[in-house]
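Letters go in sequence order (proteins before strands), and every chain restarts at 1.
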Amino acid sequence: MPRTPEAQAFFHAVYAAVQEIPEGKVTTYGHIAKLIGTPQRPRQVGTALKHLPSDTSLRYHHDNVPWQRPGTSSAILTESRSQPEGARNQAANLQAEGVAVTTGALGELMVDFAEFGWFPRLLPSEEAAGVIPDDSDDDDGESE
DNA sequence: ACCCTGACCTATC
DNA sequence: AGATAGGCCAGGG
């Protein structure tokens, strides 16, 4: 539970953004951070989800917010000290949605974005620019 | 009340 | 190509 109202608003923004992620799809913490207007704080996004309350009486809770869908940019399901089984639980939830989870050589659970066609929500500026995070292979030169 | 860590990302070397 | 450094700011000890 955040101390300052700003932090609480930030948390709520994170939860709301996470709720917008469709089932079977995933996105990154950085993208969530950008969506809520704070691209410089992907860490706090993780902090917010870590502090996601289990109290179902609240507006946002563990069962209401799909905390499993956002992940890291490296596609590796990271875990916290407080919740060592978080990654495994996340993997289980993702697999339940039909998301392919790959196990690394060292036993790391990682999501293969290409397997199910990762398609995150775009920012207004990106949509205007016509940026599609598909297999668009830009060899060189960016306009603008 | 201070200091370090943290479910991270991006730019630079 | 990979590795390192810096930044962000709230939580927890």
Side-chain angles (χ1 to χ4, degrees), chain A residues 1-56 58-116 118-127 129 131-144:
Chain A
M1 186 135 153
R3 298 183 171 183
T4 65
E6 292 182 353
Q8 190 174 17
F10 178 83
F11 276 40
H12 282 198
V14 170
Y15 299 147
V18 172
Q19 285 184 326
E20 291 185 43
I21 307 174
E23 185 177 321
K25 304 283 180 68
V26 295
T27 188
T28 62
Y29 290 103
H31 205 84
I32 295 294
K34 286 199 285 188
L35 287 177
I36 63 181
T38 52
Q40 274 72 10
R41 300 161 236 197
R43 261 190 149 157
Q44 274 54 357
V45 175
T47 307
L49 278 124
K50 183 174 63 175
H51 284 267
L52 183 63
S54 55
D55 196 321
T56 54
L58 299 175
R59 181 156 60 178
Y60 300 105
H61 50 85
H62 188 277
D63 197 57
N64 190 14
V65 178
W67 59 275
Q68 55 210 17
R69 288 170 201 163
T72 64
S73 171
S74 50
I76 302 175
L77 303 184
T78 48
E79 53 189 66
S80 63
R81 295 198 303 188
S82 305
Q83 302 177 10
E85 57 185 87
R88 197 171 168 287
N89 191 12
Q90 184 177 11
N93 281 279
L94 288 174
Q95 289 182 38
E97 295 185 5
V99 178
V101 179
T102 313
T103 307
L106 299 178
E108 310 82 53
L109 297 173
M110 48 194 316
V111 178
D112 197 336
F113 293 112
E115 276 297 312
F116 57 94
W118 179 40
F119 206 86
R121 177 182 163 195
L122 298 177
L123 294 173
S125 56
E126 291 177 336
E127 289 182 287
V131 178
I132 304 297
D134 203 66
D135 53 290
S136 303
D137 188 274
D138 59 287
D139 33 280
D140 84 302
E142 46 248 36
S143 350
E144 240 328 298

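- Counting only heavy atoms from C-beta on, A/Gln44 has its side chain closest to B/dG6 among C/dG11, B/dC8, B/dG6.
- Candidate nucleotides C/dC8, B/dG6, B/dC8 were compared by shortest atom distance to the side chain of A/Thr47, and B/dG6 ranks first.
- One finds no side-chain N or O of A/Arg43 lying less than 4.0 angstrom from the OP1 or OP2 phosphate oxygen of B/dG6.
- With both ends at atom C1', the span from C/dA3 to B/dA7 equals 23 Å, rounded to whole Å.
- One can place CG of A/Leu49 at 17 Å from P of B/dG6, the figure rounded to the nearest angstrom.
- Between A/Ile32 atom CD1 and B/dA7 atom C1' the separation is 13 Å, expressed in whole Å.
- For A/Thr78 and B/dC8, the shortest distance from a side-chain N or O to OP1 or OP2 is below 4.0 Å.
- In this structure, CD1 of A/Ile76 is placed 12 Å from C1' of B/dC8, rounded to the nearest angstrom.
- In this entry the distance linking OH of A/Tyr29 with P of C/dC9 reads 19 Å, nearest Å.
- The number of heavy-atom neighbours closer than 6.0 Å to CG of A/Asp55, taken from other residues, nucleotides and ligands shown, is above 12.
- Closest non-hydrogen pair, A/Ala16 versus A/Tyr60, comes out as CB-OH, 3.7 Å.
- Rounded to the nearest 0.5 angstrom, A/Phe11 CZ and A/Lys50 NZ are separated by 9.0 Å.
- What separates CD1 of A/Ile21 from C1' of B/dA7 is a distance of 13 Å, to the nearest Å.
- Separating the CD atom of A/Glu6 from the P atom of C/dC9 is a distance of 10 Å, rounded to the nearest angstrom.
- Phosphate contact (OP1/OP2 of B/dA7, side-chain N/O of A/His51, threshold under 4.0 Å): absent.
- Within the nucleic acid shown, A/Gln90 has no heavy atom closer than 4.0 Å to any nucleic acid atom.
- For A/Trp67, the listed nucleotide lying nearest its side chain is B/dA7; candidates were C/dA10, B/dA7, B/dC8.
- Rounded to the nearest 0.5 angstrom, A/Thr27 OG1 and A/Arg69 CZ are separated by 11.5 Å.
- Atoms CG (A/Leu77) and C1' (B/dC8) sit 14 Å apart, rounded to a whole Å.
- Straight-line distance from the NZ atom of A/Lys50 to the C1' atom of C/dG12: 8 Å, rounded to whole Å.
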